[in-house]
2 protein chains.
Amino acid sequence: MTLKPTESELEILQILWEFGPLTVRQVNDRLNEQRRVGYTTTLKIMQIMTDKELMTRDTENRSHVYSPALQPAEVQSTMLDHVLRTVFKGDRSNLVMQALGNHAASVEEMKEIKALIEKLEEKQDGVL
Amino acid sequence: MTLKPTESELEILQILWEFGPLTVRQVNDRLNEQRRVGYTTTLKIMQIMTDKELMTRDTENRSHVYSPALQPAEVQSTMLDHVLRTVFKGDRSNLVMQALGNHAASVEEMKEIKALIEKLEEKQDGVL
DNA sequence: AATAAATTACGAAATTCTTCGTATTATTAA
DNA sequence: TTAATAATACGAAGAATTTCGTAATTTATT
């Protein structure tokens, strides 16, 4: 099991996932589009993340270039499992119903989800 | 929007949801079935939760009796929305797919979810 | 080469959450 | 009524996270 990133680690991972390998300066600029953060704050978190192996860095040039060490799906899975256990007591269908029920999903989303369910049902039929 | 409980606040809410209004002693006993926690630790968290209005208490008797101030579904919704935003960038169908895809849902769960989707589709058809 | 500019390294302050010790107050039992 | 028991109140220590100031280092400019 991969470890659970903190809130601000997650913010930075999102930026790296979206915009690819970046320097601290570039990440900090992106962060400051959303909220005010000091440069050394961002640097520090990224150094900590490197220690934790949440990212890797290329120190060839003066400005180190950081890359995420985890795929979005890995972190999403870890985080969702955590919520499933701690908030939903492991009741997966309740979680899904909450996710679908509160805000109406778009027609497009609905299609995707139905397709997935059908695929899962085929797999289940195969077993039965 | 209701506020996001901390991890240990969540533990206590789960116990109250399951076993109804309880004293600190009763909550602490339940907690200690899972892990070792001191009595005053539990007391303190429950006092903080009362200040935050995550729970209410009846101080009539010497042993105060605490009740949750939020329904499970309210907290689940808050927490899930938070994960949706911070981990999934608001992509609801991706969240649902992660939830369904990683571990095969049981036949029973599948039925529930399909029924919900059909109900939501009817609502959508009505609008179109 | 000397100065300025930009970056990393380091450490510590600030914040939030968790944990618990001690004091106080209330109840029960002897 | 006094002593023992059990509860709450209070505050502070500990731990994890976030924030940033300052020093050291590297690169670019004059």
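A:E9 comes within 4.0 angstrom of no nucleic acid atom, judged by non-hydrogen atoms across all strands.
No side-chain donor from either of A:Q47 and A:H64 sits under 3.5 Å from a side-chain acceptor of the other.
For the pair A:M49 CE and D:dA16 C1', the interatomic distance rounds to 16 Å; values are reported in whole Å. In this structure, A:D58 places its CG atom 12 Å from P of C:dT8, rounding to the nearest Å. The CD1-P distance, from A:I12 to D:dT19, rounds to 9 Å in whole Å. To the nearest angstrom, P of C:dA6 lies 11 Å from OH of A:Y39. Remark: P of D:dT18 and CG of A:L31 are 12 Å apart, rounded to the nearest angstrom. The distance between atom CG of B:L43 and atom P of D:dA12, rounded to the nearest whole Å, is 17 Å. Summarising the geometry, the separation between CD on A:Q47 and P on D:dT19 is reported as 15 Å, rounded to the nearest angstrom.
Taking every heavy atom of both residues into account, B:P5 and B:L13 meet most closely at CG-CD1, 4.1 Å.
For B:K44 against D:dG11, a side-chain N or O and a base N or O form a donor-acceptor pair under 3.5 Å. Taking only distance into account, the side chain of A:R62 meets the base of C:dA6 through a donor-acceptor pair shorter than 3.5 Å.
Note that the NZ atom of A:K44 and the OG atom of A:S8 stand 12.5 Å from one another [nearest 0.5 Å].
Toward the 5' end of DNA chain D, the nearer of the two residues A:E60 and A:T41, judged by each one's closest nucleotide, is A:T41.
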Handout entry: Full working for salt bridge (Lys or Arg N to Asp or Glu O under 4.0 Å) between A:R30 and A:E18
Key = CA-CA 11 Å; A:R30 291 286 179 187; A:E18 182 162 9; over 6 Å; no
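Checking C:dT18, C:dT8, D:dT19 against the side-chain heavy atoms of B:I48 singles out C:dT18 as nearest. Residue B:T40 places its side chain closer to D:dA9 than to any other of D:dC20, D:dA9, D:dT18.
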